[in-house]
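One structure below.
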Amino acid sequence: MSVLPPEATPSADASLQLEFSEQDRGILDLFGRGPPDGSRAWRLNGLAHRLSLVQGFDTLLGWPVLRGVARYPHQEKAVLRVLRDMGGRAVLADEVGLGKTIEAGLVLKEYAVRGLIHRGLILTPPGLRSQWREEMKEKFGLPFELLRGTEDWARHPFLIASLDTAKREPHASAARGVPWDIVVVDEAHRLKNRESRNSKFVASLHRRRMLLLTATPVQNDLAELFNLVSLLKPGQLHTFTEFVSRYVASSDGRVPARVPELRSRLKDVMVRNRRGISFELPPRRVHSLAVRLTPEERRLYDGVTAFVREAYGTPVHRLPFAAKLTLIVLQREIGSSTFAAARTLAKLRESSLFGPEHRDRLAALHDEACAIRANVKAGHLRRFLASTDEKVLVFTQYLRTLEYLRGVLESDGISVSIYHGGLSPAAKEDAVRAFRGDRRCFLSTEAGGEGRNLQFARTLVNYDLPWNPLRIEQRIGRVHRLGQEREVHVVNLWAVDTVEEYLIELLDRKIHMFELVVGELDLILGDLEGRKSFEELLMDIWVLKETEARREALRRLGDALVRARAGYEDLKDRNDEILRTMSEEVAA
């Protein structure tokens with residue numbers, strides 16, 4: 001490996017050309033992988049001395065040992081700015097879909113390669129912890145572990161924790177006792193209120209560097225922007241009183257003043273790339289395949305629905321929580337396949353969740369399900385696959401549905417790669433490798449929707465629709481993401497006069513979900529009021545016994561979603577007004 005001699009000091013616009021041998025690559029890959037010992041420590045020490053000859057951050061050293069990370073100019077420029085100009089304290093505010101997680105990983109890797117970080121913490125929403133760990137491990141070779149107990153704060157130097165858990169005792173005190181070299185906060189708009197527990201906890205951490213990731217640094221008013229920036233660099237936007245006096249032009253705090261001056265100050269602590277300027281994702285085409293159930297399937301679906309409505313309507317104090325969850329699962333399963341529902345019906349008739357008066361009814365429904373040997377949706381899937389030569393991802397929520405579809409597709413001579421949560425890590429890798437190779441169809445449960453990059457394909461079928469819209473978005477994100485160069489096709493299979501039709505009405509016809517970039521839906525749903533999840537809201541509508549009452553409740557929820565979508569568009573406009581020139585100026 002060649003570097004400049006120690007006496008050579010590169011200029012700010014110089015670009016060092018590093019040439020890595022295979023041996024160097026192997027050694028470099030050891031950085032950020034935990035404390036070394038023996039001969040490995042000696043080799044790492046030698047390489048550290050050699051890397052220390054490189055002055056400053058005029059080039060990224062980690063590229064040769066990254067795995068599956070495409071090189072995009074907007075990300076590289078952003079990372080160099082964070083390292084060189086911001087000292088590792090920055091708001092990564094790229095618009096949704098432009099790879100803020102990758103930018104954060106690149107920053108972490110560069111510091112690790114140079115031996116500048118020995119303890120790191122990533123704070124995320126609960127549902128993203130595993131995805132962050134997989135990205136850091138597989139792509140960047142960084143040894144982050146998930147927080148599982150209070151002892152992990154001392155045991156693991158690199159941790160990923162949900163902010164909700166970390167801010168609570170005894171975790172909060174343990175986290176404050178660690179001198180962090182770097183802290184990364186995903187979805188950092190959750191820190192917008194400086195009086196909130198979230199913000200106070202993050203502010204109390206001992207950290208040398210910090211990255212805040214959010215596509216919407218301004219949500220309700222400009223005070224939120226002040227709070228985020230002040231977490232990173234107190235005084236950058238003056239005191240709060242001076243900030244309001246100088247940069248806020250309206251009593252509600254939403255209209256900015258002296259915008260060019262404000263942008264100039266934000267450039268010292270914020271990176272903002274925009275779609276269409278930094279990068280443009282290819283278009284997404286959505287195809288809706290409505291299916292009419294066979295008479296046998298219709299009778300079973302209606303029978304299960306009638307049982308669910310009757311049992312779900314039992315007063316809360318009489319229906320155990322586990323029974324309520326089971327009813328939701330059963331209603332979702334019958335929307336997937338009769339095979340998925342049959343297993344749960346068999347368990348229910350033997351369980352004590354429901355009284356003896358229900359067992360004969362459950363047994364009859366189970367017998368009906370077992371008598372059905374084919375599902376009409378599978379026929380539509382077969383015809384669709386026959387109409388295209390593309391590699392196709394087929395997602396289902398349930399293993400029993402997956403097993404049924406595997407038999408159907410293989411009987412048609414379609415080569416299938418199977419992926420589900422019960423596979424070992426090695427088996428999962430083999431499944432992805434086989435699909436990348438000669439397998440035609442990637443048949444997967446929700447496990448395939450988390451963290452996997454499958455953009456070498458571009459066609460996806462939702463054989464069933466999760467009631468959690470973010471699960472649908474995760475599925476689409478496997479192919480519609482950075483690195484996809486072709487038009488993406490999303491096919492939704494759903495049966496007429498089922499709860500899935502309600503879901504399509506809300507997501508497609510009301511808020512046009514399938515036109516959104518992955519990540520935007522979370523911001524829209526976050527504007528819905530109330531404590532109930534989207535699944536619970538949908539179930540509350542479906543179990544209403546009167547058709548007119550269901551339609552009215554569906555209309556109200558649809559109107560709320562439309563308002564939430566409009567609120568998100570307004571939010572984008574407000575952020576754009578303040579931040580829109582940043583990427584153009586940096587690119588220039």
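Worth saying up front: this structure is predicted, and the values here are computed from it rather than measured.
Of the inter-residue distances, the one linking D497 atom CG with T305 atom OG1 reads 9.0 Å to the nearest 0.5 angstrom. Of the inter-residue distances, the one linking T396 atom OG1 with N462 atom CG reads 10.0 Å to the nearest 0.5 angstrom. Between atom CD1 of residue I511 and atom CG of residue L521 there is a gap of 5.5 Å, rounded to the nearest 0.5 Å. Remark: Q484 CD to L281 CG distance equals 9.0 Å, nearest 0.5 Å. Atoms CE and CD1, on M136 and I160 in that order, are 7.0 Å from each other to the nearest 0.5 Å. To the nearest 0.5 Å, atom CG of residue L159 and atom CZ of residue R133 are 11.0 Å apart.
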*Please assess Q331 against W467 for the test side-chain contact (heavy atoms from CB on, under 4.5 Å), listing each intermediate value before the final yes or no.*
CA-CA 11 Å; Q331 188 69 67; W467 293 8; 3.7 Å; yes
*Could you walk me through whether I578 and V218 pass the side-chain contact (heavy atoms from CB on, under 4.5 Å) check?*
CA-CA 9 Å; I578 300 169; V218 181; 4.0 Å; yes
*With salt bridge (charged side-chain N to carboxylate O under 4.0 Å, His left out) as the test, would you mind laying out the steps for R254 and D570 before giving the verdict?*
CA-CA 11 Å; R254 295 163 69 93; D570 179 62; 3.0 Å; yes
_Worked check of side-chain contact (heavy atoms from CB on, under 4.5 Å) between L460 and H480_ = CA-CA 10 Å; L460 177 148; H480 196 237; over 6 Å; no
*Test side-chain contact (heavy atoms from CB on, under 4.5 Å) on V255 and V248 and set out the steps.*
CA-CA 6 Å; V255 180; V248 180; over 6 Å; no
*Dump the intermediate steps for side-chain hydrogen bond (donor to acceptor under 3.5 Å, both in side chains) on S288 and N492, then the final yes or no.*
CA-CA 5 Å; S288 185; N492 296 314; 5.7 Å; no
*After noting the C-alpha distance and the side-chain angles of Y502 and W542, does the key distance pass the ring pair (Phe, Tyr, Trp, His ring centres under 6.0 Å) rule?*
CA-CA 8 Å; Y502 282 27; W542 182 247; 5.2 Å; yes
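A tilted orientation is assigned to the rings of F435 and F456, their planes being inclined by 30° to 60°.
Ion pairing between a basic and an acidic side chain is recognised when a charged N comes within 4.0 Å of a carboxylate O; E487 and R285 show such pairing. A salt bridge does not link D559 with R563: none of the charged nitrogens is closer than 4.0 Å to a carboxylate oxygen. D164 has a carboxylate O that lies under 4.0 Å from a charged side-chain N of R190, or vice versa, which qualifies the two as a salt bridge. Taking a cutoff of 4.0 Å between a charged side-chain nitrogen and a carboxylate oxygen, D412 and R382 qualify as a salt bridge. With salt bridges taken as basic N to acidic carboxylate O contacts below 4.0 Å, one links R361 and E310. Under a 4.0 Å N-O distance rule, the pair E296/R299 does not qualify as a salt bridge. By the 4.0 Å N-to-carboxylate-O rule, D540 lies too far from R550 to be salt-bridged with it. A salt bridge links K200 with E195: the distance from a Lys NZ or Arg NE/NH1/NH2 to an Asp or Glu carboxylate oxygen falls below 4.0 Å. E390 and R486 are joined by a salt bridge, as a carboxylate oxygen and a charged side-chain nitrogen come within less than 4.0 angstrom of each other. A salt bridge links R475 with E446: at least one charged nitrogen is closer than 4.0 Å to a carboxylate oxygen. Note on E403 versus R406: no salt bridge recorded, every NZ/NE/NH1/NH2 to OD/OE distance being 4.0 Å or above.
A donor-acceptor pair is defined here as one N or O able to donate and one able to accept, closer than 3.5 Å; no such pair exists between the side chain of T459 and the backbone of V392. Listed for the Q131 side chain is no donor-acceptor partner under 3.5 Å among the backbone atoms of L128. The backbone N or O of A341 lies less than 3.5 Å from no partner atom in the side chain of T344, so there is not a single donor-acceptor pair. Within the 3.5 Å criterion, the main-chain N or O of D94 finds no donor-acceptor partner in the side chain of N273. A donor-acceptor contact shorter than 3.5 Å links the side chain of S415 to the backbone of R440. In terms of modelled atom types and a separation under 3.5 Å, the side chain of R373 and the main chain of C370 share a donor-acceptor contact.
Closest heavy-atom contact between L365 and L300: O-CD1, 3.5 Å. The two residues Y301 and V499 come nearest to each other via the heavy atoms OH-N, 3.1 Å. Taking each heavy atom of L571 and T216 in turn, the nearest pair found is CD2-CG2, 3.6 Å. The minimum heavy-atom distance between N227 and L191, with the atom names listed, is CB-O, 4.5 Å. Listed here is the closest heavy atom pair of L554 and E505: CD2-CG, 4.0 Å. For the residue pair L579 and P217, the shortest heavy atom distance occurs at CD1-CG, 3.5 Å.
Between H380 and V376 the shortest side-chain heavy-atom distance falls below 4.5 Å. In this structure the side chain of K347 never reaches within 4.5 angstrom of the side chain of L330, judged on heavy atoms. Within the 4.5 Å cutoff, side-chain heavy atoms of L348 are placed close to those of T326. Looking at heavy atoms from C-beta onward, L506 lies in side-chain contact with L538 at the 4.5 angstrom threshold. For the pair H489/R458, a side-chain contact is recorded, criterion being any heavy-atom separation below 4.5 Å from C-beta on. Put simply, the side chain of S162 does not reach to within 4.5 Å of the side chain of L123, judged on heavy atoms. No side-chain heavy atom of F395 sits less than 4.5 Å from a side-chain heavy atom of D464. Using a 4.5 Å heavy-atom threshold, the side chains of S444 and L393 count as separate.
With sequence neighbours left out, E169 forms a side-chain contact (heavy atoms from CB on, under 4.5 Å) with A172, S173, R176. Y463 meets the side-chain hydrogen bond (donor to acceptor under 3.5 Å, both in side chains) test with no other residue; sequence neighbours excluded.
S336 and E333 share no donor-acceptor pair across their side chains, judged by distance under 3.5 Å alone. For the residue pair E500 / T498, a side-chain donor-acceptor distance below 3.5 Å is found, with atom types taken as modelled. Defined by atom type and a distance below 3.5 Å, a donor-acceptor pair is missing between the side-chain atoms of T101 and W132. Looking at T445 and Q397, their side chains never bring a donor and an acceptor atom within 3.5 Å of each other. In this structure, a donor-acceptor pair under 3.5 Å is absent between the side chains of R343 and Y398. Residues S199 and S196 bring no donor and acceptor atom of their side chains to less than 3.5 Å of each other. For the residue pair N375 / T338, a side-chain donor-acceptor distance below 3.5 Å is found, with atom types taken as modelled.
Ring-centre distance between H287 and F384: not below the 6.0 Å cut-off.
Counting heavy atoms of neighbouring residues, nucleotides and ligands inside a 6.0 Å radius, atom CG of D573 exceeds 12 of them. The environment of R555 atom CZ is dense: over 12 non-hydrogen atoms of other residues, nucleotides or ligands sit within 6.0 angstrom.
For the pair K391 and F442, the cation-pi criterion (under 6.0 Å, within 45° of the ring axis) is not fulfilled.
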